[in-house]
Amino acid sequence: MVVGLGPGNRDSFTPEALAAIAAAQVVAGYHTYLELIPDLLQDKEIIATAMRGEVERARQAVELAAAGKTVAVVSSGDPGIYGMAGIIMEVAEGRVPVKVIPGITAASAAAASLGAPLMNDFAVISLSDLLTPWETMLKRLEAAAAGDFVIVLYNPRSHGRPDHIKTAREIMLKYKSPTTPVGIVRKARRGEETRILTTLQDMLAYDIDMLTTVVIGNSQTKVIDQYMVTPRGYRL
Ligand code: SAH
C-alpha cells in the first residue's frame, strides 16, 4: 500500500489512510513524516530513510511485501503526486499488488487557505530539477504561462537552487500582468501555517522555501476581500 498522509495535521489524514497504517505490519517513509505519527507506529517494523533514499526505501518495501508482509509506504500529501506511488510500481514490476490510498495534496490545502484560486484550468509544476531536466521545466513553465493556466509551483525554492523561482517569475511576466495575484502558503495545515497574498511583481519580497506552495493566478484571477479567487465563469 502507498498511503497519502495529507499536508500535515492528523485531522487532514483520511480515515482510509489511518486504517491502512493500522493494518500494516511494516511502515516505510521519510523519517520526518514518520516522526509525525509515532503513536501509529507502535509494534510495527519501521523503514525510515532520508530524503533522496526513495529507491532504496521502495526496494525494501517491495521485498518485504513479496515475503508476505503488509507494508504501508507513507508519503506526504497525495502519494500519486510527486510521491512514492510511481517508484513502488516501477520497482514491484507486478510481483506484488500495489494499492494507492490518496491524500489531500498541497495544491488543495494551499488553495483552501487562499480562497478559491483553482476554479478554472490549472497546471502544477515542480521546480525541483533533481529528476526533471531544467530545460524541460523551462518549456513547461513557458507553455503553462502562454496557455493562461493558473500555475501551482511545488518545491519552489531550496538552498541548492535559490534562483529557479526568479526564473519562473520572469517567464510568467512574459505572459502575465505584473498585477496578477499570487498566493504563497507555507506549512499548510501543519500548525504555524502562513499565507500571503501578493502579486507577480512583488512575490520575491516574501520567504519562499521547500515547505511552501506558490499559486500564480490566470488573467481573470482577482482578490476579493482577503480571498484569491479565479472565476469559474458564471455570469453574476
Ligand atoms: N506528495 C506531496 C508533494 C510532494 S513535493 C503532495 O501531494 O502534497 C513537496 C512539495 O509539496 C513542497 O516543496 C511544497 O511545495 C509542497 N508542500 C507539501 N506539504 C506542504 C504544506 N503543508 N504546505 C505547503 N506546501 C506543501
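Both counts, for ligands and for their atoms, begin at 1 and track the order of listing.
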Could you tell me, atom by atom, which parts of ligand 1 come under 4.0 Å of a heavy atom of M210?
12 (C), 13 (O), 14 (C)
Tell me the contacting part of P156 for ligand 1: side chain, backbone, both, or neither, using a 4.0 Å heavy-atom threshold, strictly below.
side chain
What do you reckon, does A188 have a nitrogen or oxygen under 3.5 Å from a nitrogen or oxygen of ligand 1?
yes
Using a strict cut-off of less than 4.0 Å between a Lys/Arg side-chain nitrogen and an Asp/Glu carboxylate oxygen, indicate whether R10 and D39 qualify as a salt bridge.
yes
Do the side chain of T14 and the main chain of A17 share a donor and acceptor less than 3.5 angstrom apart?
yes
With a 6.0 Å cut-off (strictly less than), is the heavy-atom count around CG of D207, excluding the residue itself, greater than 12?
no
Testing T199, I216, V150, L173 for side-chain contact (heavy atoms from CB on, under 4.5 Å) with T180, which one passes?
I216
Does R140 pair with E135 as a salt bridge, N-O distance under 4.0 Å?
no
Does the side chain of T179 come under 3.5 Å of the side chain of S177 through a donor N or O and an acceptor N or O?
yes
Taking the side chain as every heavy atom from C-beta outward, state whether T221 and M228 have any atom pair closer than 4.5 Å.
yes
Near V185, which atoms of ligand 1 are under 4.0 Å from a heavy atom of that residue?
24 (C)
List ligand 1 atoms under 4.0 Å from T213, heavy atoms only on the residue side.
14 (C), 15 (O), 16 (C), 17 (N), 24 (C), 25 (N), 26 (C)
To check your reading of the model: name the closest protein heavy atom to atom 1 (N) of ligand 1, its residue, and the distance in Å.
I81 O, 2.7 Å
Run the numbers for me: atoms of ligand 1, each under 4.0 Å from some heavy atom of L211, listed by number.
23 (N), 24 (C), 25 (N)
Would you check if there is a donor-acceptor pair between the side chains of E54 and T49 at a distance under 3.5 Å?
no
Contact check: I104 vs ligand 1, nitrogen or oxygen atoms, below 3.5 angstrom:
no
Tell me whether ligand 1 is touched by S76 - counting only heavy atoms on the residue side and a distance under 4.0 Å.
yes
Do G83 and ligand 1 have an N or O pair less than 3.5 Å apart?
no
Nearest option to atom 19 (N) of ligand 1, as decided by whichever heavy atom of R189, R190, R186, E193 sits closest:
R190
So which heavy atom in the protein is nearest atom 17 (N) of ligand 1, and how far is it from that ligand atom?
A106 CB, 3.4 Å
Note: E192-K187 ion pair, threshold 4.0 Å (strictly below)
yes
Go through ligand 1 atom by atom and flag the ones less than 4.0 Å from a non-hydrogen atom of T105.
6 (C), 7 (O), 8 (O)
Sub-4.0 Å atoms of ligand 1 with respect to non-hydrogen atoms of P7:
22 (N)
